[in-house]
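Small disclaimer: the values here were computed from a predicted structure and weren't measured.
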Amino acid sequence: MRVLVVGGSGFLGREVCRRAVDAGCSVVGTFHSGGIEVPGVAARRLDVTDRAAVRALVAQVRPDAVVSTPYRYDDWTVTADGTAHVAVAAAEAGARLVHMSSDALHAGRPSPYLDDDVPTPIHAYGAAKAAAETAVRAIDPGAALVRTSLIVGAGSKQIQLCRDALAGRAVLFTDETRCPVDVTDLADAVLELAHSSYAGLLNVAGPDAVSRAELGLLVAGRFGLDTAALKTTTGGAAGVVRPTEVRLDCSRATGLLRTRLRGVRELLAS
Ligand SMILES: NC(=O)c1ccc[n+]([C@@H]2O[C@H](COP(=O)([O-])OP(=O)(O)OC[C@H]3O[C@@H](n4cnc5c(N)ncnc54)[C@H](OP(=O)(O)O)[C@@H]3O)[C@@H](O)[C@H]2O)c1
């Protein structure tokens, strides 16, 4: 199988590239400002906001499957428009599309979110991810759209944020609950979906729901770090608008996928 990983230089994208190479796929990965440096991956520069460039690259690579990961937290043109460009190009090439979405398109509530719950975004990033989903579903109803949560593992910016908070250089919210997932588990799940014909939305995250502050304590335990300097607050006190409790019900994914999605308590067991 020939796989094109758009955003192959990203945290998840690099892991998808690595595992696709290991699985014997022919892999092309794109980068924008970073680099890929994964042996066996053909790296190509791409700006997804350039619709013509996206179409030209996909037409040239002629992938069987496209894994679409690119985003910029504060840039609608990348997160929403860029995703639409990738979906159009994949559809034109007749390629299977797996699009990466986010739990950040939910507002937050005490009960878990099901796979098909409609987005209720409360900030610009969540709105851009919701718009991206709408575009993907309209362009390619056969695409798989993966809603995931905090991606952890070696090199994760989420883990780094915890380390920074433990060192007193950042702050963790006590009222922001998420379901972290390991980057290797998520990459395996994404590649499984690339080989499948699953169509539509799918929650793919870990089974343990933890607050950011709890994640910080788990990181401290895992790496033997002192918790005395850990800084925590609430979104309200910090004056930021962010989804609070977002738990993803992943029972559909766990029934569908061979990949076991490990919980963060197991991942960070000390
Ligand atoms: N990380 C999380 O905890 C998390 C949680 C929920 C959902 N997600 C979703 O999962 C996906 C992957 O997240 P990640 O953490 O792996 O992201 P990441 O490490 O920040 O990587 C983002 C990727 O997007 C690329 N990119 C940015 N602007 C671009 C542009 N104009 N044209 C082409 N590519 C561009 C980056 O390329 P360069 O680096 O080369 O510039 C990079 O490859 C995203 O769709 C995100 O919304 C992530």
Side-chain angles (χ1 to χ4, degrees), residues 1-8 10-30 38 41 48 58 61-71 79 83-84 86-91 93-105 113-117 119 129-130 132-153 179-207 248-262:
M1 179 187 257
R2 183 177 301 141
V3 181
L4 173 63
V5 183
V6 183
F11 183 51
L12 174 64
R14 268 198 312 273
E15 197 59 41
V16 173
C17 284
R18 266 187 216 109
R19 296 176 103 75
V21 168
D22 289 350
C25 297
S26 160
V27 184
V28 177
T30 78
V38 175
V41 173
V48 291
V58 176
V61 172
R62 293 193 292 121
D64 301 300
V66 174
V67 176
S68 181
T69 76
Y71 88 107
T79 306
T83 292
V86 173
V88 166
R96 166 84 172 136
L97 176 61
V98 181
H99 161 71
M100 290 311 301
S101 190
S102 173
D103 60 1
L105 50 65
Y113 286 95
L114 302 177
D115 307 81
D116 298 315
D117 279 341
K129 293 301 285 188
E133 281 192 354
T134 296
V136 169
R137 297 174 77 191
I139 293 161
D140 181 0
L145 296 87
V146 175
R147 285 180 177 166
T148 194
S149 189
L150 301 184
I151 309 175
V152 299
C179 298
V181 62
D182 185 74
V183 66
T184 62
D185 295 348
L186 184 58
D188 284 345
V190 164
L191 286 170
E192 255 196 270
L193 287 166
H195 282 90
S196 81
S197 58
Y198 181 84
L201 297 163
L202 189 67
N203 290 339
V204 180
L248 297 180
D249 180 328
C250 295
S251 46
R252 189 188 291 174
T254 49
L256 182 77
L257 301 172
R258 287 188 313 276
T259 303
R260 190 167 77 86
L261 301 165
R262 291 168 292 169

- Which value, rounded to the nearest 0.5 Å, describes the distance between His99 atom NE2 and Leu202 atom CG? 12.5 Å
- Item | Candidates Val152, Val16, Thr259, Ile151 - the one meeting side chain to side chain contact (heavy atoms under 4.5 Å, CB included) with Leu186 | Ile151
- Hey, what do you get for CG (Leu191) to SG (Cys25), rounding to the nearest 0.5 Å? 6.5 Å
- Query: Is a side-chain N or O of Asp185 found less than 3.5 angstrom from the main chain of Leu261, in a donor-acceptor match?
  - Reply: no
- Item | Point-to-point distance, once rounded to the nearest 0.5 Å, from CG of Leu150 to OG of Ser102 | 8.5 Å
- Residues Val136 and Ala143: closest non-hydrogen pair is CG1-CB, 3.8 Å
- Start with the C-alpha gap between Val58 and Val88, add the side-chain angles, then the distance that decides, and say whether side-chain contact (heavy atoms from CB on, under 4.5 Å) holds. CA-CA 10 Å; Val58 176; Val88 166; over 6 Å; no
- Query: Does Asp182 use its side chain to pair, donor to acceptor, with the backbone of Arg262 at less than 3.5 Å?
  - Reply: no
- Are the side chain of Ser101 and the backbone N or O of Val146 linked by a donor-acceptor pair below 3.5 Å? no
- Validation row: Val28, Pro63 side chains within 4.5 angstrom (heavy atoms): no
- Message: Check this for me, if you would: do Arg137 and Glu133 make a salt bridge, where the nitrogen-to-carboxylate-oxygen distance has to be below 4.0 angstrom?
- Response: no
- Message: Less than 4.5 Å apart, side chain to side chain, heavy atoms only: is that true for Val190 and Glu15?
- Response: no
- Message: Return the CZ to CG distance between Arg147 and Asp115, rounded to the nearest 0.5 Å.
- Response: 8.0 Å
- Query: Which of these passes side chain to side chain contact (heavy atoms under 4.5 Å, CB included) with Arg252: Leu114, Leu257, Asp116, Val204?
  - Reply: Asp116
- Message: Main chain of Ser196, side chain of Arg96: is a donor-acceptor contact present, judged purely on distance under 3.5 Å?
- Response: yes
- Query: Where do Asp103 and Tyr113 land on the side-chain contact (heavy atoms from CB on, under 4.5 Å) test, with the steps shown first?
  - Reply: CA-CA 9 Å; Asp103 60 1; Tyr113 286 95; over 6 Å; no
- Query: Do Thr30 side-chain atoms and Gly7 backbone N/O form a donor-acceptor pair below 3.5 Å?
  - Reply: yes
- Note on the structure: Scanning both residues in full, the closest heavy-atom pair of Pro119 with Ala130 reads CB-CB, 3.7 Å
- Query: CZ of Arg260 to OG1 of Thr254: how many Å apart, nearest 0.5 Å?
  - Reply: 11.5 Å
- Task: Quick one: closest heavy-atom pair of Val86 and Ser68, and the distance?
- Result: CG1-OG, 3.7 Å
- Query: Looking at Ala187 and Leu12, what are the two nearest heavy atoms and their distance?
  - Reply: N-CD1, 4.0 Å
- Taking all heavy atoms of Ala205 and all of Val181, pick out the closest pair and write down the distance. CA-CB, 3.9 Å
- Kindly give the heavy-atom pair with the smallest separation between Ala199 and Pro141, and that separation in Å. CB-O, 3.6 Å
- CZ on Arg258 to CD on Glu192, rounded to 0.5 Å: 4.0 Å
- Item | Arg14 (side chain) donor-acceptor with Val38 (main chain) under 3.5 angstrom | no
- Is there side-chain contact between Arg19 and Thr184, with at least one heavy-atom pair below 4.5 Å? yes
